[in-house]
2 protein chains.
Amino acid sequence: MSAVTVACRQLAPVVGDLRGNRERARAAVREAVAAGARLVVLPELCTSGYVFRSAEEARTLAQPARGGALEEWAREAAAGDAVVVGGFCEVGDDGRLHNSAAIVDGTGVRAVYRKAHLWDREKLVFAPGDAPPPVVETALGRVGVVVCYDTSFPEFLRDLALRGADLVAVPTNNPVFPRREAQEPLEVVAIRAHAYFNRVFVACCDRCGHERGVDFLGASLVTDEQGWALSAAALGTPGLVLAECELERARDKRWNERNDVLADRRPALYLEVGADAAGR
Amino acid sequence: MSAVTVACRQLAPVVGDLRGNRERARAAVREAVAAGARLVVLPELCTSGYVFRSAEEARTLAQPARGGALEEWAREAAAGDAVVVGGFCEVGDDGRLHNSAAIVDGTGVRAVYRKAHLWDREKLVFAPGDAPPPVVETALGRVGVVVCYDTSFPEFLRDLALRGADLVAVPTNNPVFPRREAQEPLEVVAIRAHAYFNRVFVACCDRCGHERGVDFLGASLVTDEQGWALSAAALGTPGLVLAECELERARDKRWNERNDVLADRRPALYLEVGADAAGR
């Protein structure tokens, strides 16, 4: 079993500065690869910024699910023999906007995921995705992706684990909420819990900085498959989080000879969770 | 909205000492009520102890889902106008053993729940429960219950929230695992995450002490409906955890005017979680 270096490059995009953001993202991938990373995760909407004045403004910062920043990431991925996962503002072929994330490698765009659970004013700008998140078989292992508020839905991450993800990449823009300094932030607790519940690695790349009255938490971290943070950013500060991950460890879901985090599930007892699904 | 005092009495049962354990549990309820508690949670299997040598030994420490310790708890509940939730070793009418928890008030036993997800050697002793956990409408609010390893299954706690629980009581016996001292224990992370994901209060009463080569973590805590620990035990030490909880806050699932932790769910996208349920 060989370890792979996973990176989250916590940075501060600037809303509206498409050219500058793309350059910052490209440089971030190059920096991470130079530091040894084979998997590089960038924040949510890292090419556009987050706090749009309007849907119209977001539209001017959007791109299709090919070319543009994604082509730049693919070029960096090819040069570094790496996989890149990052968030961008997508305009679909039907003209609708999506808060999307791409999984890119040296061969190009492997998958684009459209955020399914939209947060607050995102609902005024974006159409929610109507497809489950992808799990992509990469040269490093099986990589799944969700975005930010998706992590408030444990069913969603469970589903990725049931579909074989070894690592879940989470491009994120966490706004700052009131918190209790003596306790780990809830955003960190959620990420660690998903790893723990599902025995998957999680690489959450948050942003930092300030936009139009919103401060961002900057709580990037990479967990192991047990739920421990292997490496974490200083809250709110730009930086490169690096962690060595033996991704194959996520294939063994056993706690011990009698327990397994997936096989021990009792779906017939998850009444309402099941009723929802049956009624779909 | 009025606050209610919720208590977890972390203690150390002694395996095999049925009489002593029952007296310790009774005294624990009385102590908590004297300290102002209206809801008292006791550990898993607090009348029998945990590390049985055999199913035969467990059988000698078991009782039906009525009378015995449960009658003592009901008497204390009546005297203190309280609700008690605690774990006990149950023998069913069919002779099978269960790792059970009871919700008891002054009127008697309101519900008995049989642990559905069994941990390690429990599988050699107990039959798993085949019913979902109850949500009981008490004088204080709607109280749900699960036991220990059940908290590794986020679908299970989600289900209690969907069925209206304001607070989930968690009688627990956490064995000690290797941990990273600078990070919150995974068992605490899981409890905080369930509160955060579901906007419910969680009162987890763990045990401490040592039995036949097993050390217990003693990580009792009471969270608010946002996922912050309101009060927590010193790890591994006997003690009374008390927290003021405005349980009605759990009825409001909104984050803001556009987000709601339950209404924002996208069950049609939880593919495998749904497939399991459809196949039951």
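A note on names: the letters A, B, ... follow the listed sequences, proteins ahead of strands, and every chain is numbered from 1.
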Interface residue of largest heavy-atom contact number with chain A, from Gly227(B), Ala193(B), Ala116(B), under 4.5 Å: Ala116(B)
His117(B)-Phe153(B) aromatic ring centre distance below 6.0 Å: yes
Proximity breakdown for Val189(B) and chain A, heavy-atom pairs closer than 4.5 Å: both
Pair Tyr149(B)-Glu122(B), side-chain donor/acceptor within less than 3.5 Å: no
Arg158(B) bridged to Glu272(A) by N-O distance under 4.0 Å: no
Region of Asp150(B) that comes under 4.5 Å of a non-hydrogen atom in chain A: neither
When Arg192(A), Arg163(A), Arg121(A) are compared by non-hydrogen pairs under 4.5 Å with chain B, the top option: Arg192(A)
Main-chain N/O of Arg254(A) paired with Asp252(A) side-chain donor or acceptor, under 3.5 Å: yes
Toward chain B, the part of Ala131(A) with a non-hydrogen atom under 4.5 Å: backbone
Region of Asn256(B) that comes under 4.5 Å of a non-hydrogen atom in chain A: side chain
Trp255(B) versus chain A, the contacting section by heavy-atom distance below 4.5 Å: side chain
Pair Glu137(A) + Arg110(A), salt bridge at N-O below 4.0 Å: no
Option that, when pairs with chain A are counted at under 4.5 Å, heavy atom only, ranks first among Lys123(B), Arg179(B), Glu257(B), Glu184(B): Glu184(B)
Test item: side-chain donor near acceptor, Arg114(A) and Asn99(A), under 3.5 Å: no
Main-chain N/O of Asn173(B) paired to Glu44(B) side chain as donor or acceptor, under 3.5 Å: yes
Pairs of heavy atoms under 4.5 Å with chain B: top-ranked of Pro132(A), Pro154(A), Gly129(A): Pro154(A)
Under 4.5 Å from a heavy atom of chain B, the part of Tyr196(A) involved: side chain
His194(B)/Phe197(A) aromatic ring centres below 6.0 Å: yes
Most chain B-contacting option - heavy-atom pairs closer than 4.5 Å, from Asn198(A), Leu186(A), Val261(A): Leu186(A)
Contact origin within Leu124(B) toward chain A - heavy atom pairs under 4.5 Å: side chain
